[in-house]
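Structure first, then comments.
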Amino acid sequence: MENIVKLVWSKAGTPPELFPLLETLGEEFPVSGSGKGLKVEFKRINNEETVSNVIRSKGKVLIEYSSLAGAARGLGSALAGIEGRNATSFTTLGIMLDVSRNMVMKVDALKRWFRLLALAGHNTVMLYTEDTYELEDVPVFGYMRGGYSLEEIRELDEYAKKLGIELVGCIQTLGHMEQILQWSEFNKIRDTRSVMLADQPETFELIEKMIKFWKEALSSRRIHIGMDETHDLGRGVFLDRYGYERGFDIFNRHLQKVNALCKKYELQPMIWSDMYFRLSNPQQEYYDLDSPIPDDVRDAIPKNVQLVYWDYYHRDPDFYSAMLRRHRELGFAPVMASGIWTWPTFWYDHPRTAATAAPCIEACRKEKVRELIFTMWGDDGAFCNINSALAGIFYTADLAYGENAADNTSKRFDVLCAPTSYSSHLAAAEINFAQMRKDGSSMSVFSSYLVWDDPLMGIALDGYLRNDPEFDLKFLDSLEEIQCRILPFIDCDGAGDIEHVSNLISLLIKKIEMRGALTSAYEQGDRMALREIAVNVIPSVIAAVEEFDVSFRRQWMSYAKPFGIERIQSRNAAQIARLQETALRIREFLSGEVERIEELECRLPRSTASNEHYGRYALVSSGSCII
């Protein structure tokens, strides 16, 4: 932290409410109650907004603040040498971190995140835990998932409170429960593969244990009980047992029962709002501005439950405004959940985050929304280098505080997350390629699709080439340019691991070049080129996979529990096996053992439309069925 400002505070002149904050930040940053440095003083001001004002003069700095979050953000600015006033109208500003899709962040790693979140001006953290916490007397709940113990959550809660952060449990009490419903112990509460059986007493016995855990674990009296994306609610065992019933009625009845349990444990619940909109139209479309929600459904929603509107996709502030108004028409002041894009990508996706978060915040200000969180999901395995998302955390916090100076965001990030580089993080974020469709619209190409694309079948790459015959050349040019921009920062790992993303780029380049050479040589009948690919090119790609696998493990183990990494290691091992199979198939063809390589001939014509829904490993690793 060469460029960081050293701050010295005195108990005699500092409000006592700041003592825990300052002492906790002092564990990592040069914020001390003694020694030499810039003297820091504090002044509490009254303001409905969260205000952070840094005024520097000779030998000292004054931080005016209206809340702990404002004071912490002021400290972050002062440490980075930034002056001036920031303010946000959001009374809740924070993140929701997905620790259910295999990556369960270590306690010490979360504590570091809490320190950085506080310095950015956040005051809320939600931990999204489907089954990644331990329930007494339910040993199979979270089995082999790295779940948090009650003691670990209590430790995190106490630490967060010192930093002015409210830690909130974010769980599921209806859908997204496939991880536990796979076990025979839960047969009685299974409606479908992922949805629990409504109206079943055993279902609520389990839910009560979940709610009791979070009541005992956290000091916050708020809890997020989920209930989103229950598309097949009432259409499995429930349908067989009770017959058809309107989804709205099953949903509201279940919510009322879970809400009663929350009241029993003196907790204030919130839910994702999507099902009220989905169930109002045949397509189950969330972002529907027209289909009415019946009055009887609206009236049956418990009035003490908060509705969380999640939207990580739209780029027009008017759309966000319209949906926010629809929530208010239901009688609720919505909590807004935007997104810091960490899915389905190996690295924080800044272009997509910027394109969606900025208009969302603009609309929230217009509609006077008071609570805003940014979700960070881990779809398909949570393989994103999660520390790379710190760049998005600082970026979105600055937007929420009305900070429009990109130089200040860069300075905060570079100093507080050192050793790192904001510019290199944004460069690495461009590994996700925006491809133009033939109709002029754009579609996203995530690098993860191509890393695990089967090397012999080329399902994903062939799809992109059908859409644009020059896609591979354009993507390779982009990757090489990104590699040049990040190489000077190869040793920076204070936030995202730049060496790891460099290994990723090297793998992508070698693999795409190999695939292009393979299809070309086979189509042209160039036997010498095929032999060269089998003998020299494929081994170099295998070596790149192995190097990528090593750095993936290194960065994962630095911040996450070991459970879950086996999924990614299995995928990487499968890549090596399939590359070896590709070389074997070439040798069999060259020796005359087979007349043709069928996998290279089973290709759709170029006129066939490409499929952009390659977002799951299973869809690019094989064309065969999953059993």
Side-chain angles (χ1 to χ4, degrees), residues 15-29 31 50 52 65-76 79 88 90-100 103-129 132-134 146-171 211 213-224 266-268 270 335 337 340 371-376 386-387 389-390 392-394 396-397 400 416-417 559-561:
E17 66 175 347
L18 299 182
F19 290 178
L21 171 70
L22 293 164
E23 291 166 353
T24 304
L25 290 175
E27 296 175 8
E28 178 178 1
F29 300 96
V31 178
T50 298
S52 171
Y65 69 99
S66 61
S67 66
L68 285 179
R73 181 172 170 84
L75 283 163
L79 287 166
T88 183
F90 299 110
T91 55
T92 293
L93 180 65
I95 67 164
M96 186 231 72
L97 179 64
D98 183 355
V99 289
S100 285
M103 191 283 294
V104 179
M105 192 176 281
K106 294 177 180 177
V107 169
D108 285 345
L110 276 171
K111 287 180 178 180
R112 178 174 183 250
W113 268 48
F114 292 173
R115 294 192 292 269
L116 291 169
L117 284 160
L119 291 173
H122 288 278
N123 63 9
T124 305
V125 173
M126 294 183 182
L127 288 180
Y128 179 75
T129 51
T132 47
Y133 55 101
E134 298 177 357
Y148 294 110
S149 67
L150 183 66
E151 291 72 24
E152 285 178 317
I153 296 295
R154 283 176 173 168
E155 181 181 347
L156 287 168
D157 184 52
E158 288 301 315
Y159 198 85
K161 283 193 295 184
K162 294 176 184 178
L163 295 162
I165 290 174
E166 179 186 13
L167 188 59
V168 179
C170 185
I171 65 174
I211 292 172
F213 174 93
W214 292 100
K215 164 64 184 291
E216 295 177 350
L218 297 177
S219 54
S220 173
R221 297 301 85 186
R222 298 204 289 175
I223 186 170
H224 197 317
E266 301 177 318
L267 295 176
Q268 174 71 40
M270 62 184 81
V335 177
I340 293 172
E371 298 190 272
L372 172 66
I373 61 171
F374 295 93
T375 61
M376 285 175 280
I386 197 63
N387 281 338
L390 289 167
I393 286 172
F394 277 83
T396 52
L416 299 177
C417 297
Y559 54 69
K561 296 186 178 186

* To do: Kindly indicate, with the supporting measurements, whether the criterion salt bridge (Lys or Arg N to Asp or Glu O under 4.0 Å) is fulfilled by E266 and K215.
  => CA-CA 8 Å; E266 301 177 318; K215 164 64 184 291; 3.7 Å; yes

* Full working for side-chain hydrogen bond (donor to acceptor under 3.5 Å, both in side chains) between R73 and Y65 -> CA-CA 9 Å; R73 181 172 170 84; Y65 69 99; over 6 Å; no

* Starting from the C-alpha separation in whole Å, work towards a yes-or-no answer on side-chain contact (heavy atoms from CB on, under 4.5 Å) for L75 and F29. => CA-CA 10 Å; L75 283 163; F29 300 96; over 6 Å; no

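You'll find the side chain of L127 reaches within 4.5 Å of the side chain of L110, heavy atoms only. The shortest side-chain heavy-atom distance between T92 and V335 does not fall under the 4.5 Å cut-off. With a 4.5 Å cut-off on side-chain heavy atoms, D98 and M376 do not count as touching. When side chains are defined from C-beta on, R115 counts as touching Y159, because their heavy atoms get closer than 4.5 Å. For the pair R112/L116, a side-chain contact is recorded, criterion being any heavy-atom separation below 4.5 Å from C-beta on. Taking 4.5 Å as the limit, every side-chain heavy atom of L25 sits out of range of all side-chain heavy atoms of L79.
Residues L21 and A71 approach most closely at CD2-CB, 4.4 Å, considering heavy atoms. Of all the heavy atoms in I153 and A217, the pair that sits closest is CG2-CB, 3.5 Å. Pairing each heavy atom of L119 with each of G76, the nearest pair is CD2-N, 3.6 Å. Closest of all the heavy-atom pairs between A120 and A397 is O-CB, 3.6 Å. When all heavy atoms are compared, the tightest approach of L68 to G164 is CD1-CA, 3.8 Å. Across all non-hydrogen atoms, the minimal contact from I393 to W113 is CD1-CZ3, 3.6 Å.
Listed by chain and residue number, V107, Y148, S149, K561 satisfy the side chain to side chain contact (heavy atoms under 4.5 Å, CB included) test with E152 (two or more places apart in sequence, or in another chain). For A69, the side chain to side chain contact (heavy atoms under 4.5 Å, CB included) criterion is met by T50, S67, N123, Y401, not counting sequence neighbours. Applying the side chain to side chain contact (heavy atoms under 4.5 Å, CB included) criterion to K162, with sequence neighbours excluded, gives P20, T24. With sequence neighbours excluded, the residues forming a side chain to side chain contact (heavy atoms under 4.5 Å, CB included) with A337 are W272, V308, W310, I373, T375, listed by chain and number. Taking the salt bridge (Lys or Arg N to Asp or Glu O under 4.0 Å) definition, one finds that E371 meets it with R222, sequence neighbours left out. Scored by the salt bridge (Lys or Arg N to Asp or Glu O under 4.0 Å) test, E151 finds no partners at all (sequence neighbours excluded).
One finds the CD1 atom of I386 at 5.5 Å from the CE atom of M105 (value rounded to the nearest 0.5 Å). K111 NZ to E27 CD: the interatomic distance, rounded to the nearest 0.5 Å, is 7.5 Å. To the nearest 0.5 Å, atom CD of residue E23 and atom CG of residue L163 are 11.5 Å apart. Note: L372 CG to T91 OG1 = 10.0 Å, rounded to the nearest 0.5 Å. The line from CZ of F374 to CE of M126 is 12.5 Å long, rounded to the nearest 0.5 Å. The distance from the CG atom of D157 to the CD1 atom of I165 is 11.0 Å, given to the nearest 0.5 Å.
The aromatic rings of W214 and Y133 sit perpendicular, their planes meeting at an angle over 60°, well past the 30° parallel limit.
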